[in-house]
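Presented below is the structure to which this report refers.
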Amino acid sequence: MGKGRKSPMKKTVCLLLTVMLILGLMLPASAAETSYPTVESGVQEIQTHGNLVLDMEPEKLQEAGYDYGDMLAVTIDGKTYQMPLCTNYSDVDMGSYVVCDNGELLMIAINMGDFATACGIAEKITAEDKSFTWVFPDDKSMEDLTVSISMDEKGGYHDQYLIHKLVRTNDREDYDSDQIFANFRNIASGDLGRNALFRSSSPIDNELGRAAYADDFVEANGIRTVLNLVNNDAEIADHIASDGFDSPYYASLYQAGKVKAVSLSLNFVSQDFKAGLAEGLRFFNVNEGPYLVHCAEGKDRAGFVSALLACYMGASYDQVVEDYMQTYVNYYHLDEGSEKYNAVKNSNIDSILRIIAGVSDDTDLAGVDLAAAAECYVKDIGLSEDECETLRANLAREYDGTPVES
């Protein structure tokens, strides 16, 4: 065979590959995607609190390929709403829409709300004897209501669905130690000084039964300065004055002016949140450690601030994630790498780090300089260059963990 000439077999293979490539390019992008049929229904009942009960069995959605955690497009009389398919109203946040499959009925509802009234489906008229009727606009009746359900995003609510399913107790006996129960720990990553920064559930609000346990650890670790992310001063005073109050060390810190109450919301991107956080970080600058950050559970607001300060002090992505997820291990006994563990990680701490870094939801955090991002964030919320340096120096100091003498 002459040099450079292809055999008939090689020519055939090349021709087949070319044809396959051309056909692949000609196929629409959706051809490889799973198609889910639109499911049609009427409404058989509007319940007392405005839930629409559909006149089809829940199994019809399952047979069409719909699963819990899918985001659905629900069209009612021409108006479309996006909502997830779940099993309980509490699987979504308060005020959010949900398609609820309780195993017997399929309902469209608002968690802690009245869907029919809020969405203008019907008006509830209550008589003196407390009986009620639903009055529909434009002389329509319930029989006129049409509902169609189609797929908006397969698994689009999956992580949030799993997170809403997490259950914990407030019984000390269900936890391996007082420290785990109080969700109290030292943050020791990056350039943070030894015993410089701690986080905890509330050592003063005993609604969860953890305050006295947390207060014991606050005292034992010699905490001198506290950033209370959840309360204002009036609420702290009420806690101290309440019956059964048993957090004397925290009370002594507060009375000495060593507790800063900034009462932050859970809206991490709001200006109020940023302004309050800046005020709290400045409080660290003018008071010595060891420092404590806490909210009610030591989970959300404390999780954000702890992650920010750890990044600021040079902690790695893995270190920040591990510390954040320890709260969920403590409270919900999650196993690292489990489906629920990864759902929390993907939904919560990765989102927090993207907020801190100011990057989009699809950004790979492995390529983000978290220390530089955290410094930019701290400056963006108002701290000056000098204040940033003071904060870094204070958090880098080392402490021997000796309890403060009363």
Side-chain angles (χ1 to χ4, degrees), residues 41 43 45-54 58 61 66-102 105-126 132 134-137 145 147-153 155-168 207-208 229-232 235 263-274 276 295-297 299-301 303-304 332 340 343-344 346-348 351-352 354-355 361:
S41 176
V43 176
E45 177 190 0
I46 300 181
Q47 295 180 325
T48 304
H49 300 297
N51 306 326
L52 307 189
V53 181
L54 304 188
L61 274 183
Y66 294 78
D67 296 310
Y68 302 131
D70 289 344
M71 281 299 296
L72 310 180
V74 179
T75 302
I76 306 171
D77 281 352
K79 185 175 181 179
T80 301
Y81 309 83
Q82 276 70 40
M83 60 187 80
L85 174 62
C86 299
T87 59
N88 272 296
Y89 313 118
S90 59
D91 292 339
V92 297
D93 294 336
M94 186 183 302
S96 296
Y97 301 140
V98 62
V99 177
C100 183
D101 170 7
N102 67 5
L105 299 174
L106 199 60
M107 294 173 286
I108 298 173
I110 298 177
N111 183 20
M112 301 298 289
D114 178 336
F115 186 89
T117 300
C119 296
I121 306 297
E123 180 184 2
K124 185 178 181 181
I125 305 298
T126 305
F132 65 91
W134 290 97
V135 177
F136 297 84
L145 291 177
V147 178
S148 68
I149 299 175
S150 58
M151 185 68 73
D152 184 61
E153 183 183 357
Y157 191 75
H158 178 260
D159 287 351
Q160 291 83 356
Y161 173 72
L162 291 180
I163 292 170
H164 278 84
K165 288 297 185 184
L166 296 176
V167 177
R168 72 155 191 267
E207 181 180 355
L208 304 178
L229 302 168
V230 67
N231 296 128
N232 57 38
E235 290 168 338
S263 186
L264 301 185
S265 73
L266 285 167
N267 185 355
F268 298 147
V269 298
S270 71
Q271 289 304 313
D272 286 346
F273 181 91
K274 294 176 181 179
C295 50
E297 302 173 354
K299 178 166 64 71
D300 299 314
R301 282 159 283 211
F304 184 99
Y332 305 104
K340 289 183 178 179
V344 174
N346 295 338
S347 179
N348 290 13
S351 295
I352 284 173
R354 290 189 175 100
I355 290 172
D361 291 343

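The distance from atom CE of Met94 to atom CD1 of Ile110, rounded to the nearest 0.5 Å, is 12.5 Å. For the atom pair OG (Ser265) and CG (Asp300), the distance works out to 11.5 Å, reported to the nearest 0.5 Å. Atoms CG and CD, from Leu54 and Glu45 in turn, are 11.0 Å apart once rounded to the nearest 0.5 Å. To the nearest 0.5 Å, the span separating CE on Met71 from OH on Tyr66 amounts to 13.0 Å. Between Ser96 atom OG and His164 atom NE2 the span is 7.5 Å, to the nearest 0.5 Å. Here the straight-line distance linking atom CE of Met107 with atom CG of Asn102 works out to 4.0 Å at 0.5 Å rounding.
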* To do: For the pair Leu106 and Val99, evaluate side-chain contact (heavy atoms from CB on, under 4.5 Å) and give the outcome as yes or no after the intermediate values.
  => CA-CA 7 Å; Leu106 199 60; Val99 177; 4.0 Å; yes
* Check the pair Met112 / His49 against side-chain contact (heavy atoms from CB on, under 4.5 Å), numbers first and verdict last. => CA-CA 9 Å; Met112 301 298 289; His49 300 297; over 6 Å; no
* **Check against side-chain contact (heavy atoms from CB on, under 4.5 Å), Val74 and Lys79** => CA-CA 8 Å; Val74 179; Lys79 185 175 181 179; over 6 Å; no
* Asked: Can you list the steps and then say if Asp91 with Lys165 is a salt bridge (Lys or Arg N to Asp or Glu O under 4.0 Å)?
  -> CA-CA 7 Å; Asp91 292 339; Lys165 288 297 185 184; 3.2 Å; yes
* To do: Quick one: do Ile125 and Phe132 satisfy side-chain contact (heavy atoms from CB on, under 4.5 Å)? Show the steps, please.
  => CA-CA 5 Å; Ile125 305 298; Phe132 65 91; over 6 Å; no
* side chain to side chain donor-acceptor pair (under 3.5 Å) evaluation trace for His158 with Asp70 -> CA-CA 6 Å; His158 178 260; Asp70 289 344; over 6 Å; no
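In this structure, Tyr97 and Cys119 have side chains that are in contact, with non-hydrogen atoms separated by less than 4.5 Å. Taking the side chain as every heavy atom from C-beta outward, Gln160 and Ser347 approach each other to under 4.5 Å. Between Asp101 and Leu61, every side-chain heavy-atom pair lies at or beyond the 4.5 Å cut-off. Leu266 is not listed as a side-chain neighbour of Phe273, based on a closest heavy-atom distance of 4.5 Å or more. Using a 4.5 Å heavy-atom cutoff, the side chains of Ile108 and Tyr81 are not in contact. When side chains are defined from C-beta on, Val344 does not count as touching Asp159, because their heavy atoms never get closer than 4.5 Å. Contact check for Asn348 versus Lys299: no side-chain heavy atoms found under the 4.5 Å cut-off. Side-chain contact between Phe304 and Leu229: absent, with no pair of heavy atoms (C-beta onward) separated by less than 4.5 Å.
With hydrogens and angles ignored, the 3.5 Å screen pairs a side-chain donor or acceptor of Trp134 with a backbone N or O of Ile46. Of the possible donor and acceptor atoms, one in the side chain of Arg301 sits under 3.5 Å from a partner among the backbone N and O of Leu264. Proximity of a side-chain donor or acceptor of Thr75 to a complementary backbone N or O of Gly78 within less than 3.5 Å is not detected. Looking only at distances, a side-chain donor or acceptor of Asp114 sits under 3.5 Å from a matching main-chain atom of Thr117. Distance alone, capped at 3.5 Å, is enough to place a donor-acceptor pair between the Arg354 side chain and the Asp361 backbone.
Thr48 and Lys124 form no side-chain donor-acceptor contact under 3.5 Å, judged by distance and modelled atom types alone.
Minimum heavy-atom separation, Ala73 to Asp152: N-CB, 3.8 Å. Nearest approach of Cys86 to Val98, heavy atoms of both residues: CB-CG2, 3.8 Å. Here the shortest heavy-atom pairing between Ser351 and Asn346 reads OG-O, 3.9 Å. Looking at every heavy atom in both residues, Leu52 comes nearest to Ala116 through CD2-CB, 4.2 Å. The two residues Ala296 and Val230 have their closest heavy-atom pair at N-CG1, 3.9 Å.
In Asn267, the CG atom is crowded: over 12 heavy atoms of neighbouring residues, nucleotides or ligands sit closer than 6.0 Å.
With Ile76 as the fixed residue, the side chain to side chain contact (heavy atoms under 4.5 Å, CB included) test singles out one of Val43, Ile149, Val147: Val147.
For Tyr157 and Tyr68, the ring centers sit 6.0 Å or farther from each other. Proximity of the aromatic rings of Phe115 and Tyr89 is defined here by a centroid distance below 6.0 angstrom, and this criterion is not met.
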